**Q** 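Quick one: structure below, then a few questions.
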Amino acid sequence: MKQLIKRALTGAVYVGLIIASMLLKENWLFIFLFAVILGQALNEFYSQIAQAQKNHAKTANTIIDIIGGAATFVATAVTTLPVAAATFTLYASIRLIVALYARENNPVSSLALGFFGQIYITLPLCALALLYKMGPLVALAMFVFIWASDTGAYCVGCTIGKHRLFERISPKKSWEGFFGGVALCAILGGVAFSQFSEVLTIDSTPLAEHTTMAGFIAFAVAVAIFSTLGDLIESLLKRTIGIKDFGTILPGHGGVLDRIDSLLLVAPTSLICILIINYL
């Protein structure tokens with residue numbers, strides 16, 4: 001019971017901060033919150049990899065990776081894409097140069113893991129920053145669909161789930177739960193469009209001027225599908241390095257990376273969907 005209460009309280013604080021960061025007219029809370037989330041997620045990722053490789057020392061590479069990722073995110077959130085690209089290029093250049101002096105046994109492996117962490121964590125959160133700049137409430141709708149997908153999958157899966165979705169990676173997930181999450185997201189997508197299409201905006205113009213209800217429902221369904229895939233990808237990583245969670249900082253949830261696993265695949269997918277809706 002105590003663990004359930006801790007999990008509920010942690011989840012409530014997380015959800016509250018996300019909602020507040022999307023609803024505030026100023027973007028400082030969004031930038032600060034997700035810069036912290038990004039830094040901690042990268043720290044958890046690199047720390048667990050180091051432990052799996054029996055290398056418990058904090059290296060200069062890890063510090064550079066975390067600072068480089070956070071700087072790229074902030075540049076994406078507050079400046080233009082060319083500046084953000086230049087920031088990431090500067091980080092990559094420094095990372096490569098440092099490899100010359102690090103005297104590591106396997107510099108190629110270190111570089112590959114460093115850049116993989118940026119691709120897996122930093123770039124998706126940069127995609128979130130771009131989505132937020134296009135429409136904070138659309139970004140909030142994306143989060144609502146992620147939470148709805150999790151809720152629908154859990155409720156339906158616990159009730160009637162029998163057929164395993166991906167037993168090799170996540171034995172508890174079922175096809176019934178997956179379709180339950182998709183169905184709930186589709187329903188919420190229709191409700192959101194019918195009730196809030198004038199409030200939900202892309203580049204300051206109402207959503208209704210960009211797409212139809214069917215288009216927004218398709219967006220919600222895409223979020224549900226890629227939310228599940230994001231969860232499975234993190235489960236694959238954890239099984240590969242032999243851990244249960246990436247961290248313990250969030251009571252009842254594990255680490256920050258465990259909490260945002262779905263977001264890491266959903267954010268880029270959502271940005272692509274909104275760009276298609278906006279420009280086609």
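This one's a predicted model, so the numbers in the text were calculated from it and none came from an experiment.
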**Q** Examine Leu207 and Val191 and state if one hydrophobic cluster contains both, with Ile, Leu, Val, Met, Phe, Trp and Tyr joined whenever side-chain heavy atoms are less than 4.5 Å apart.
**A** no
**Q** Closest heavy-atom contact between Thr211 and Phe193?
**A**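 Nearest pair, atom of Thr211 first, then Phe193: O-CZ, 3.5 Å.
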**Q** Group every Ile, Leu, Val, Met, Phe, Trp and Tyr by side-chain heavy-atom contacts under 4.5 Å, then state whether Leu96 and Leu90 land in the same group.
**A**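 As far as the 4.5 Å side-chain criterion goes, Leu90 and Leu96 are connected within one cluster.
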**Q** Consider side chain to side chain contact (heavy atoms under 4.5 Å, CB included). Of Leu250, Ile66, Val256, which one does Gln40 pass it with?
**A** Val256
**Q** Can a side-chain donor-acceptor contact be found between Asn61 and Tyr46 if the only test is distance below 3.5 angstrom?
**A** no
**Q** Do Val138 and Leu29 share a hydrophobic cluster, counting only Ile, Leu, Val, Met, Phe, Trp and Tyr and linking them when any side-chain heavy atoms are less than 4.5 Å apart?
**A** no
**Q** Tell me if the centroids of the rings in Phe45 and Phe116 come within less than 6.0 Å of each other.
**A**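 Yes.
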**Q** Does the plane of the ring in Tyr132 sit parallel, tilted or perpendicular to the ring in Phe30? Use 30° and 60° as the thresholds.
**A**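 The rings of Tyr132 and Phe30 lie parallel, inter-plane angle below 30°.
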**Q** More than 12 foreign heavy atoms under 6.0 Å from OH of Tyr154: is that the case here?
**A** no
**Q** Can you give me the closest heavy-atom contact between Ser174 and Arg164, atom names plus distance?
**A**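 Taking Ser174 first and Arg164 second, the nearest heavy atoms are CB-NH2, 3.8 Å.
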**Q** side-chain contact (heavy atoms from CB on, under 4.5 Å) between Leu275 and Asn278: does it pass, once the steps are laid out?
**A** CA-CA 5 Å; Leu275 287 173; Asn278 194 31; 5.5 Å; no
**Q** Could you go step by step and tell me if Glu44 and Gln48 meet the side chain to side chain donor-acceptor pair (under 3.5 Å) rule?
**A** CA-CA 6 Å; Glu44 291 171 359; Gln48 290 294 348; over 6 Å; no
**Q** Are Val74 and Leu38 joined in one hydrophobic group, where the rule is that I, L, V, M, F, W and Y side chains link up if heavy atoms are under 4.5 Å apart?
**A** yes
**Q** Which is it for Asp231 and Lys173 under the side-chain contact (heavy atoms from CB on, under 4.5 Å) test, yes or no, and what are the steps along the way?
**A** CA-CA 10 Å; Asp231 191 358; Lys173 292 188 182 300; 2.7 Å; yes
**Q** Around atom CZ of Phe73, are there more than 12 heavy atoms of other residues, nucleotides or ligands at under 6.0 Å?
**A**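 Above 12, so yes.
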